[in-house]
Structure formats: C-alpha cells, structure tokens
Protein chains: 2
Amino acid sequence: MLLSKSCVYGLRASLYLASKRGNEFHSLKEISEELEISFHFLTKILQQLTAEGYLESYKGPNGGVRLSSNGQNATLFDLVIAIDGPGLFTQCALGLPGCGLQEPCPLHDHWVEARGKIENMLKRMTLNEIAEEGKEKHFRLTAEGEFSWQ
Amino acid sequence: MLLSKSCVYGLRASLYLASKRGNEFHSLKEISEELEISFHFLTKILQQLTAEGYLESYKGPNGGVRLSSNGQNATLFDLVIAIDGPGLFTQCALGLPGCGLQEPCPLHDHWVEARGKIENMLKRMTLNEIAEEGKEKHFRLTAEGEFSWQ
DNA sequence: CTTATTTAAGACTTATTTGTCTGAAAATAC
DNA sequence: GTATTTTCAGACAAATAAGTCTTAAATAAG
C-alpha cells in the first residue's frame, strides 16, 4: 500500500468536501457514511488536517468541516505530507540511510524518477481543480463506482 | 515506506549473495552481520525465498544459502512479488476496489504510470546483471556506504 | 438554563508488522 | 555415537497501525 490507510481516508474525505458545491460545512457523520469510513477514526484524521490548516471545523448542531481556503488550493501532496510525513519522497527504496547521489543503492536513480512521478501525480492539481474535472469525469471516491461531483 | 521491511531485507540479502563471486553458500549469520539485519528475522524471510525457489539452502557446518539459477536470473520484481505480493502493482492509489479504466478514481491514470515506473525499476535487470554493474559502481547495500561487489 | 448535536481529545482495544526465542532436523567432524 | 553448526519452523513478544469508545467542550434551539 503506497499510502497509509489514515492518509487515504484523509484524501478521500477532502476530495468529498471539494466535490460539494458552495463549500458548506458537512458533518463527519455524513462523510463517514457516504465514504464508508469509520466515524471515530475519520474524526481523528480530519482533526489532523484541521490542525494543519487545510480544513475548518465548527461545533454544534449545524457544525461540521469544510475546506479552508488553504485547503481548496492545496494539492493532495500537501495532505499526504501532513498525514504521512515526507518519507515516501525522501527515503531510499531499500531503506538505506545515506543513500543519495553520492554512494547510491542499485535502485537510486530509477527510484528518484519513479517517486518524482508519484509526487507529480499528487501535486499536479489542487483540490478545487480536481473537483472541476470530477464534474465531468465522475471520478470514483468509493468502491461503488462513479461519484456525483456537484 | 514503499516496500515492507521484510521485503527490503529480502532484496538486500539477495543482492548481497549476487555480489559474491562463485555463487557459494553463505551463512545467514554472515549475511545478517554484514547487512546489520536481525538474524532470526532474516532467517524467516529467506526461508520464504527458498520456498519460492529463488534461493537454495544447505544445513550443517558448511551450510548456508545461495542464489538458485532461478534466483540469479530473477529480477527484484520477482522477489517483491514473492514477499510482499502484487498489491503495490495492482491496487488503486486510494485503495478503492473496482477502480480501473472503467470508473477510475482521480489518481488512476497517473498512478498507473507511476507504478509502471516502479515496476520497471524492479524489472529492468536481473540480480546477476545488477551484480555486474555493481562491480564498477559499488552500489551501496548498507547504511555505511559503498559496497565491495566481487 | 436545559437538551441535543456536533467536534475535540485522550484512553483503550484490535490487528498487523516487526522482531525474538526455542526446539527440531540435517549435515560434518571426531 | 557425540558434539557442533547450520537451516527449518513454530511459538512468543514488542512495536506500530488501524480502529473503537468515552468524556469534554462548543454551539443552537427552546
């Protein structure tokens, strides 16, 4: 698994919020049910994104979370860093400390290239931009299939 | 971490064996000490590669493990599949079952490309070929730095 | 103020990965 | 046959990730 479960859940929930018109607050309950993610676990993960400034939250009967303006203009790369840290993009494929241009492992050059592709995959678009493209392409966000991006 | 710890240890040990001249048996004790990997854990991992036919083992005072002929001609991709399974190369970046050409997630196309790069990185050379290149480039196999590929 | 609903936060539990230990089996040397 | 060394294999333990539960704090409505 490329990204941790936590991270995948955080990305999916953020994409869910981006898919909604008007940037209103959506309850964690709604998100967890729609995306079939455990409520409490999702709560903890989204608290992290809130702490990092990508989400805004509001307590109370009409409360919930929504993307902050930072969040709307964030890339999935930003969220991955916030949840999983930078390891995927900095560490040697063979886990060898010190591996780099000087004294590389056998995989170094190709791993730098491959992880560049991963980085680009995550950086190329902001959440807002993905949401725009999602309106037309109906990108899936669940196991079920096509999702309705409003 | 792209690959599991087990997998990384299995790759490093196999590369260590490939680095040695003559394809002789090397004790697990030697390998674990040279590569600074826990002896017992490495034993378990290499038993897996032996069961899959990539290594041959021999008990007794002059025993140890060596690459089988299959193993010499195997790629790191083969070993990754044997230890970690195919998940990295088959699963959706967002962990969504059913994601594919039909009804893709937002990352699908770029993930297919990126994981193709990873696959190629692991498939492009056999262990023997890496060993040949290692003789000249002294690829690192430990945290310390350059390694002596015989 | 009370009740209800939400997020926040910490404690706790379960599952999985990583790692350690013990005993058994196979091989060599004396 | 015994002692030693090795791999084999299962049991066990520790660490980490994933997930569940409980309590507290904030907000709205009556």
Side-chain angles (χ1 to χ4, degrees), chain A residues 1-14 17 24-68 71 80 83-85 87-88 91 94-95, chain B residues 1-14 17 24-68 71 80 83-85 87-88 91 94-95:
Chain A
M1 197 63 207
L2 184 70
L3 304 168
S4 72
K5 280 293 196 60
S6 302
C7 189
V8 161
Y9 292 157
L11 297 186
R12 287 172 62 209
S14 301
L17 290 171
E24 319 215 320
F25 287 101
H26 291 265
S27 75
L28 293 183
K29 182 178 176 189
E30 174 195 325
I31 306 173
S32 75
E33 284 173 357
E34 289 291 315
L35 299 183
E36 291 176 300
I37 297 172
S38 153
F39 169 71
H40 293 293
F41 195 39
L42 185 62
T43 300
K44 292 176 65 172
I45 297 160
L46 297 190
Q47 272 167 42
Q48 233 174 327
L49 290 182
T50 305
E52 297 275 348
Y54 297 116
L55 300 187
E56 293 171 350
S57 60
Y58 192 74
K59 290 181 184 177
N62 301 312
V65 291
R66 69 184 178 189
L67 290 174
S68 66
V80 169
I83 299 173
D84 270 356
L88 181 59
Q91 286 174 12
L94 292 179
Chain B
M1 197 63 209
L2 185 71
L3 304 168
S4 71
K5 279 291 193 66
S6 302
C7 191
V8 162
Y9 292 158
L11 296 186
R12 286 173 62 208
S14 302
L17 291 171
E24 320 214 320
F25 288 101
H26 292 265
S27 75
L28 294 184
K29 183 178 175 188
E30 174 195 326
I31 304 172
S32 75
E33 284 173 358
E34 290 292 316
L35 298 184
E36 292 177 299
I37 298 172
S38 151
F39 170 72
H40 293 292
F41 194 41
L42 184 61
T43 301
K44 293 177 64 173
I45 297 160
L46 296 189
Q47 272 167 43
Q48 232 173 329
L49 290 181
T50 305
E52 297 276 347
Y54 298 117
L55 300 186
E56 292 172 349
S57 60
Y58 193 74
K59 289 180 185 179
N62 302 311
V65 290
R66 69 183 177 190
L67 289 175
S68 66
V80 168
I83 298 173
D84 271 356
L88 180 60
Q91 284 175 14
L94 292 179

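Because only heavy atoms are used, hydrogens play no part in the values below, and waters and symmetry mates are left out as well, while side chains stay in. Only a predicted model underlies this, so the values are computations on that prediction, with no experimental measurement involved. Each chain gets a letter, A, B and so on, in the order the sequences are listed, and its residues count up from 1.
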J.: Can any side-chain N or O of B:Asp84 pair as donor or acceptor with the backbone N or O of B:Leu3 at less than 3.5 Å?
T.: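 Judged by distance alone, no pair lies under 3.5 Å.
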J.: Would you kindly give the CE-to-P distance between B:Met1 and D:dT16, to the nearest whole Å?
T.: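 So the CE-P distance, B:Met1 to D:dT16, works out to 15 Å.
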J.: Mind calculating the distance between CG (B:Leu28) and P (C:dA25) to the nearest angstrom?
T.: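 It works out to 19 Å between those atoms.
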J.: Quick one: pull up CG in B:Leu28 and OG1 in B:Thr43 and give me the separation to the nearest 0.5 Å.
T.: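 One gets 4.5 Å once the value is rounded to the nearest 0.5 Å.
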J.: State whether B:Ser57 places a side-chain N or O below 4.0 Å from either non-bridging phosphate oxygen (OP1 or OP2) of D:dC8.
T.: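 For B:Ser57, the contact criterion (side-chain N or O under 4.0 Å from OP1 or OP2 of D:dC8) is met.
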J.: Starting at CD of A:Glu56 and ending at P of D:dA26, how long is that distance when rounded to a whole Å?
T.: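 Rounding to the nearest Å, CD of A:Glu56 and P of D:dA26 are 18 Å apart.
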J.: Listing time: all N or O pairs from protein to nucleotides 17-20 of chain D that are below 3.5 Å?
T.:
residue, atom, partner, partner atom, Å
D:dA18, OP1, A:Lys5, N, 3.1
D:dG19, OP2, A:Tyr9, OH, 3.1
D:dG19, O6, A:Lys44, NZ, 3.3
D:dT20, OP2, A:Ser38, OG, 2.5

J.: Under 4.0 angstrom, heavy atoms only, what part of the nucleic acid is A:Leu46 near: base, sugar-phosphate, or nothing?
T.: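 Answer is nothing: A:Leu46 stays at 4.0 Å or more from every strand.
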J.: Using a 4.5 Å cut-off on heavy atoms from C-beta on, say whether the side chain of B:Leu35 contacts that of B:Leu42.
T.: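 B:Leu42 vs B:Leu35: side chains apart.
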J.: For A:Tyr58 and C:dA8, give me the distance from atom OH to atom P, rounded to whole Å.
T.: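 Roughly 13 Å, once rounded to whole Å.
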J.: Estimate the overall bend of the helix from C:dC1-D:dG30 to C:dC30-D:dG1 from the end axes over five pairs each, rounded to 10 degrees.
T.: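 Roughly 10° between the end axes, to the nearest 10°.
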J.: State, with a plain yes or no, whether a side-chain heavy atom of A:Val80 is found less than 4.5 Å away from one of A:Leu11.
T.: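 When only atoms from C-beta onward are counted, A:Leu11 and A:Val80 do touch, with a gap below 4.5 Å.
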J.: Quick check: does any side chain N or O of B:Ser68 sit under 3.5 Å from a backbone N or O of B:Tyr54, one acting as donor and the other as acceptor?
T.: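 A pair under 3.5 Å: yes.
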J.: Rounded to whole angstrom units, what separation is found between the CG atom of B:Asn62 and the P atom of C:dA26?
T.: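 About 18 Å, once rounded to whole Å.
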J.: Nearest-Å distance, NE2 (A:His26) to C1' (C:dT7)?
T.: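 Taking atom C1' of C:dT7 as the reference, NE2 of A:His26 is at 16 Å.
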J.: Would you mind reading off the distance between B:Lys59 atom NZ and C:dA27 atom C1', rounded to a whole angstrom?
T.: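 Those two atoms, NZ and C1', are 9 Å apart.
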J.: Is there a side-chain contact (heavy atoms from CB on, under 4.5 Å) between A:Phe41 and A:Ser32 once you walk through the steps?
T.: CA-CA 9 Å; A:Phe41 195 39; A:Ser32 75; over 6 Å; no
J.: Answer yes or no: is there a side-chain heavy-atom contact under 4.5 Å between A:Lys29 and A:Glu33?
T.: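 Yes, close enough: below the 4.5 Å cut-off.
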J.: To the closest 0.5 Å, what do you measure between NE2 (A:His26) and CG (A:Leu55)?
T.: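 It is 12.0 Å, given to the nearest 0.5 Å.
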J.: Can you tell me how far P of C:dA9 sits from CD of A:Gln47, to the nearest Å?
T.: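 Roughly 6 Å, once rounded to whole Å.
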J.: State, to 0.1 Å, how close A:Leu49 and A:Ser14 come at their nearest heavy-atom pair, and which atoms those are.
T.: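 Heavy-atom minimum between the residues: CD1-OG, 3.5 Å.
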